[in-house]
2 protein chains.
Amino acid sequence: MIQTTSVENYLKTIFHHAGIGNNAVTTNEIAASLGTKAASVTEMLKKLSAQKLIRYKKYNGVTLTDSGTKQALLIVRKHRLWEYFLVEKLEFSWDEIHEVAEQLEHIQSEILVERLDSFLENPKFDPHGDPIPDKKGIIKKTDLQKLIDVTEKKEAIVNLVTDQPELLRYLSKIGISIGSKLRVIERNTFDQSMLLLINGKNKVQISAEIAHNISVQL
Amino acid sequence: MIQTTSVENYLKTIFHHAGIGNNAVTTNEIAASLGTKAASVTEMLKKLSAQKLIRYKKYNGVTLTDSGTKQALLIVRKHRLWEYFLVEKLEFSWDEIHEVAEQLEHIQSEILVERLDSFLENPKFDPHGDPIPDKKGIIKKTDLQKLIDVTEKKEAIVNLVTDQPELLRYLSKIGISIGSKLRVIERNTFDQSMLLLINGKNKVQISAEIAHNISVQL
DNA sequence: ATATATTTTTAGGCAAACCTAAATTTTATT
DNA sequence: AATAAAATTTAGGTTTGCCTAAAAATATAT
Ligand SMILES: [Mn+2]
Ligand SMILES: [Mn+2]
Ligand SMILES: [Mn+2]
Ligand SMILES: [Mn+2]
């Protein structure tokens, strides 16, 4: 079944908020995430439920069904493939791509997705380090840990950052990108901020807020 | 001003039907072209007119204003750039691209269009031979003539074909593509059908209907 | 010139997706 | 357990873009 852009955005939002455990997602979370009001969300949840894309019991939040998950994964696949395309082929920077990918992810054409995937040589991660689901919706999972949890003196490689333009521009400014080698020189126990050595060159102090949005591999 | 997909499709349709002279386009023509009803068109014409995208006087058809033309040209530019991309980069065939381009043409991002144009190395014609307007909306005009008007014994190069999937598949089947060299061996004066020699190799008989949809350069 | 046919517009409705305000249910606090 | 607060749902509207049926205007044919 072909869905409207709106339905696709609801599915994607529920998918992202449910996390790996497919936990129940609340009406308010969805509303906040989509920039709509709770009343509008309730209305849409009834429609999604009628289509068996979600399990919905009044006042109890929602979970995606297998069908809903499958559709959400396809949208995520398209979003991330397009982001990869924009960076690798069209020379966009990583903070410019999300908004455009939000539009491109809704283009309906199976052949387009598969040809794009081939053209890009089947990338496994998007420019922010998020895994790209394969045609069947399977996501490669890597074991990452948040930079905020890395102990003093340890070294780590940046593998994933949160896709938020402001954060991304800031990271670019201080010289952090996917693949950067970080050494945690010092952790401030008061505010959780940390002093980093980036690629063995520059020392930079980052807030806990920033450290929460960077994931690394030791 | 950002327009809805629907408004963009109306502008594009009016643009295509108005032709080079910016002739008035009728309500029924638009309805037929968009697969909507005349009543819906009338309603939309009022909105376009209120936005000064068209000149509209009841019962008199419409013409695009400069602003309307400019917007239509941008959509046409995007449509044709995406078609070029699909064929040249993603290995689509010329009959598979129109529907996808109908969706892609509505992606709103100026930077995307310009980066795509650069990535494709500023193509001047799409896969059917239609000229791609440049950033300013300027279209390269070539002097072509319809194959139906080519006199017996003459040779001509195929430069443009109508973007209709069924026609395109048929042309592929009989070996006609952009750049093919055609010799008009014989014209049937009864039904206007013609016998062609394609690239000096194959002889093929085509109907007047087909000949109307091929344009050539002598 | 009048009658007929065609085109276009108007009037009244519908579905999708949003909204605000009010009612209801659930959760948290005393 | 009763009350207050927060979350969710319901009720009633709005806008966009479509529809059918009827009315009005224009074009065509006798
Ligand atoms: Mn993104
Ligand atoms: Mn989206
Ligand atoms: Mn096309
Ligand atoms: Mn379109």
Side-chain angles (χ1 to χ4, degrees), chain A residues 1-19 23-64 68 71-72 75 102-103 105-108, chain B residues 1-15 17-18 23-64 68 71-72 75 102-103 105-108:
Chain A
M1 228 240 139
I2 284 172
Q3 307 294 353
T4 62
T5 291
S6 189
V7 164
E8 292 193 338
N9 283 336
Y10 274 89
L11 292 176
K12 193 173 55 137
T13 293
I14 296 167
F15 177 81
H16 281 132
H17 279 79
N23 310 303
V25 180
T26 67
T27 301
N28 266 353
E29 277 182 281
I30 299 169
S33 178
L34 290 172
T36 58
K37 295 300 159 78
S40 308
V41 173
T42 299
E43 188 175 69
M44 179 61 94
L45 294 182
K46 289 180 193 163
K47 290 180 202 163
L48 298 180
S49 182
Q51 278 193 63
K52 298 205 197 303
L53 296 166
I54 60 171
R55 278 174 290 268
Y56 173 52
K57 232 186 71 194
K58 270 196 206 176
Y59 297 102
N60 272 80
V62 294
T63 53
L64 288 173
Q71 293 194 31
I75 304 159
E102 280 294 310
Q103 297 180 60
E105 72 190 5
H106 301 293
I107 302 291
Q108 312 270 207
Chain B
M1 229 239 139
I2 283 172
Q3 306 294 353
T4 63
T5 291
S6 188
V7 164
E8 290 193 339
N9 283 335
Y10 274 89
L11 291 176
K12 193 173 57 138
T13 294
I14 295 166
F15 176 81
H17 279 79
N23 309 304
V25 180
T26 67
T27 301
N28 267 352
E29 277 181 281
I30 298 169
S33 178
L34 290 173
T36 59
K37 295 300 160 76
S40 307
V41 173
T42 298
E43 189 175 69
M44 180 61 93
L45 294 183
K46 288 180 193 163
K47 291 179 201 162
L48 299 179
S49 181
Q51 277 193 63
K52 297 204 197 306
L53 296 166
I54 60 171
R55 278 173 290 267
Y56 173 51
K57 230 186 72 195
K58 269 195 205 175
Y59 298 101
N60 272 79
V62 294
T63 53
L64 289 173
Q71 294 194 30
I75 304 159
E102 281 294 310
Q103 296 181 63
E105 73 190 3
H106 302 292
I107 302 291
Q108 311 273 171

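Note on naming: letters A, B, ... go to the chains in the order of the sequence lines (proteins, then strands), and numbering restarts at 1 for each one.
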Comparing nearest nucleotides in DNA chain C, the 5'-proximal residue of the pair A:Asn60, A:Thr4 is A:Thr4
Whole-Å distance, A:Tyr56 OH to C:dT25 P, equals 13 Å
When rounded to whole Å, the CG to P distance for the pair A:Leu45 and C:dC18 reads 12 Å
Describe the nucleic acid contact of B:Lys57 in one word from base, sugar-phosphate, nothing, applying a heavy-atom distance below 4.0 Å.
nothing
Regarding B:Ser6, tell me which of base, sugar-phosphate or nothing describes its non-hydrogen contacts under 4.0 Å with the strands shown.
sugar-phosphate
Correct closest heavy-atom pair for B:Glu29 and B:Ala24 would be OE1-O, 4.4 Å
query = For B:Thr36, which contact category applies under a 4.0 Å heavy-atom criterion: base, sugar-phosphate, or nothing?
reply = sugar-phosphate
From CE of B:Met44 across to P of C:dT10 the rounded distance in Å is 16 Å
When rounded to whole Å, the NZ to P distance for the pair B:Lys46 and C:dT9 reads 8 Å
Q.
Can you see if the side chain of A:Thr42 gets near the phosphate of D:dT10 - specifically, an N or O under 4.0 Å from OP1 or OP2?
A. no
Rounded to whole Å, NZ of B:Lys58 lies from P of C:dT9 at a distance of 8 Å
Atom CG of A:Leu48 and atom C1' of C:dA16 are separated, to the nearest Å, by 13 Å
note: B:Gln3, atom CD; D:dT16, atom P; distance rounded to Å ~ 12 Å
Q | Any donor-acceptor pair under 3.5 Å from A:Arg55 side chain to A:Val62 backbone | A | no
Counting the atoms with a prime plus P, OP1 and OP2 as sugar-phosphate, which does B:Gly61 contact under 4.0 Å by heavy atoms, base, sugar-phosphate, or nothing? nothing
Worksheet item: So what does A:Ser40 touch, heavy atoms closer than 4.0 Å: a base, only the sugar-phosphate, or nothing?
Response: base
### Task
Evaluate the side-chain proximity of B:Asn9 to B:His106: yes if any heavy-atom separation is below 4.5 Å, no if none is.
yes
